[in-house]
Protein chains: 2
Amino acid sequence: MNLKQLAHMLALSQTTVSRALNGYPEVNEETRRRVMDAAKRHGYRPNPSARRLATGKSGMIGYVLPTGNAVDIDPHFVEFLSGLGDYARSHDLDLVLSPADADDQETTYRRIVANRQVDAVYISSPRPADSRVALVSTLGIPFIVHGRSEGFDFEYPYLDIDNEGAFHEAARLLVQLGHRRLALINGDDRETFAIHRERGVRRALAASGLTLGERHVCSLVMTEENGYRAARRLLEASDAPTAIACSSLIMALGVVRAVRDLGLSIPGDVSLIAHDDVFPWLKPENFSVPLSTTRSSIRLAGARVAERLAARISGLEEGARGEVWPVDLVIRGSVAGAPA
Amino acid sequence: MNLKQLAHMLALSQTTVSRALNGYPEVNEETRRRVMDAAKRHGYRPNPSARRLATGKSGMIGYVLPTGNAVDIDPHFVEFLSGLGDYARSHDLDLVLSPADADDQETTYRRIVANRQVDAVYISSPRPADSRVALVSTLGIPFIVHGRSEGFDFEYPYLDIDNEGAFHEAARLLVQLGHRRLALINGDDRETFAIHRERGVRRALAASGLTLGERHVCSLVMTEENGYRAARRLLEASDAPTAIACSSLIMALGVVRAVRDLGLSIPGDVSLIAHDDVFPWLKPENFSVPLSTTRSSIRLAGARVAERLAARISGLEEGARGEVWPVDLVIRGSVAGAPA
DNA sequence: CCATGAAGCCAAAGCGCTTTGGAAGACTCT
DNA sequence: AGAGTCTTCCAAAGCGCTTTGGCTTCATGG
């Protein structure tokens, strides 16, 4: 059942039927009702390919997926996707993942924009002065950055959590508890979030005249193994920290293992706070010692990004509005006063 | 730059240019060269929307993503996606995720097929007599099932690992080591993979005249917490098992925690084998006691599924070929002889 | 009573590609 | 030389929708 048939069946022109269905004003309400009725009864659904060719709109949002043999997709992605998908579903949006060589995403961005394959895109894991942000910005397609980039002479729309604030609060708490040697086991510090977190920790320490030692900050891909290695290295040193802030639950698993391997205890010898993106399959309260966290649901962020993308597509949202979500500091058993 | 312009510029018809570019035989090789040359020089790329409208082919593969507030996407998904994306990239395929109400995926399948939004789909986490398999099969779109369904009177193409064989081997090893009371901490037993794994364990036990006690098999969503609870319940019982087979590394984290909480040790009191889908961020060899596993890279499976989908789209693969991959049994420190 | 404008509808021209149904010319064969 | 056969190209008809630019009809106001 296509438009032509439907129009014929109603003894109307395609024009009128199309307009009736799309809510244009120049059609009699009575007629519109007839049309919508018939459309529903016959299960008419406009062919998206045709519509897309005519309008240039695809009803899809895009994501350029960096791939490659040595490229691992962040497990956070799936949670973000849950939220995004949940919103997208209720608004008839599909999501298209365009795999790209991790080292040349530009080509792919240009392609999907030039081909009008998607109506909007989002960018994740941005770095300072991220070339994707600049690119997409000049390409003129609606977009939102999940996270933040920095160092541009222009504004852009983003959704980020207050990473600096979160880690500032976490570090401040630890300092208040008497800790003097803090360490930060961070994610890849080429990404903005990691930079912000480090900044937060430093600021909190500075407020008490402390500093974050060069060897007390690690920046690594967030795997369990890296968490272990980093913690082990930190704790075996002569100036071992008495408290650790850690950028992910997965790394925290490794930290806990290292602490145990060294015959130390949490929070007796080391206090630990980690960032929790709220996975359904790994919960900080279930760590052997319940883990204190800075918590922010990445899933909700996904839903919000989808919502804002939809708003931008339909013109409801404009301009370069940045949105920063506060982060909860959740205290559990893994922090205590500094050992004597 | 569109076809019309390119044709005009070459003083050829659109027909000829189109044919030259698409490798049809009825065009002079000399002409073809000229055309391809000009196309490349001017960066001509056929508009996919137009092509799709004309041909009905989209160059995309589809996945119906179950969503909902209470629906969690399996973290395995992201690894599978890595593989899929990696292959897709090298073959200019995009992936479209169509979010659907988890309880009504049929509507979405029908839509994407009717609209010819994708050239092929894959189905994951199938259950016995999975309605999606039956549906997609009648809809007549190329597809592959990742995993297996059962109980149909027709064949269908799938890619699965030998879950039964893997757990059979694992259980057999444990029995050989003298264990008499095994337990299985399984995934959701509405899914085929879990059924197969249980079958494998039972078969191995039966071969030695043993059985899997009713209370010795747990079937739960694969979270750390569920692993903990299950293990705790098992090990606190009077007929506690001396060996546990576990369906996921994430659950195994919980198992390990439970064992420790109970003051027991691995492998002294309990031997443990888990299935490893090979995550980059959590490795069995890094468990406090290196974990024995049944190992199969879900990422490779993703790449293979993409490869086969591409083959089916282009007609290179036909029929209902099922493909079952063997699973490695990797012995590490977490298994030992049964306690006296 | 005619000009004016709004309301409601339509025919047709795109959107940019593929594909059908020739047609012209070159070549082979008898 | 004439008939048949390739080879190589083209004009035009889709694919199914949106949108432009009218064209009626009818009510309104001077």
Inset, instruction - Please check if the side chain of A:D119 supplies one atom and the backbone of A:S58 the other of a donor-acceptor pair under 3.5 Å. - result: yes

Inset, instruction - On DNA chain D, check which nucleotide each of A:T15 and B:Q14 is closest to and give me the residue with the more 5' one. - result: B:Q14

Legend entry - B:R34/B:E30 salt bridge by N-O under 4.0 Å criterion: no

Inset, instruction - Please report how far the helix from C:dC1-D:dG30 to C:dT30-D:dA1 bends, comparing the axis fitted to its first five pairs with the axis fitted to its last five, to the nearest 10 degrees. - result: 50°

Legend entry - Residues A:R148, A:D130: salt bridge by 4.0 Å N-O rule: no

Inset, instruction - Please name all residues satisfying side-chain contact (heavy atoms from CB on, under 4.5 Å) with A:A129, sequence neighbours left out, ordered by chain then number. - result: A:F152

Legend entry - Ionic contact status for B:D94 with A:R111, cut-off 4.0 Å: yes

Inset, instruction - Using atom types as modelled and distance alone, determine if a side-chain donor or acceptor of B:T55 lies under 3.5 Å from a backbone N or O of B:R51. - result: yes

Legend entry - B:R308/B:E323 salt bridge by N-O under 4.0 Å criterion: yes

Inset, instruction - Round to a whole Å and report the spacing from OH of B:Y24 to P of D:dC10. - result: 17 Å

Legend entry - Whole angstrom value for the distance that separates C1' of D:dT5 from CD of B:E26: 16 Å

Inset, instruction - Give a yes-or-no answer on whether the side chains of A:S124 and A:Y63 include a donor-acceptor pair shorter than 3.5 Å. - result: yes

Inset, instruction - List in numerical order all residues of residues 51-62 of chain B for which some heavy atom is under 4.0 Å away from an atom belonging to DNA chain D. - result: B:L53, B:A54

Legend entry - Rounded distance [0.5 Å steps], CG in B:D74 versus OG in B:S125: 6.0 Å

Legend entry - Salt bridge A:D72-B:R299, side-chain N to carboxylate O under 4.0 Å: yes

Inset, instruction - Can you spot which of A:Y158, A:Y156, A:Y122, A:F80 makes a ring-ring contact (aromatic ring centres under 6.0 Å, His included) with A:H146? - result: A:F80

Inset, instruction - Mind running a 4.0 Å heavy-atom check of residues 27-42 of chain B against DNA chain D and sending the residues that fall below it, in number order? - result: B:V27, B:N28, B:T31

Inset, instruction - Decide yes or no on side chain to side chain donor-acceptor pair (under 3.5 Å) for A:R89 and B:T67, but give the supporting numbers first. - result: CA-CA 8 Å; A:R89 167 175 59 85; B:T67 59; 2.7 Å; yes

Inset, instruction - Mind checking A:A11 for me? I need base, sugar-phosphate or nothing, with any heavy atom below 4.0 Å counting as a touch. - result: sugar-phosphate

Legend entry - Partner residues of B:Y44 under the ring-ring contact (aromatic ring centres under 6.0 Å, His included) criterion, sequence neighbours left out: none

Inset, instruction - At the 4.0 Å heavy-atom cut-off to chain A, mark where contacts on DNA chain C begin and end, going 5' to 3'. - result: C:dG8 to C:dG16

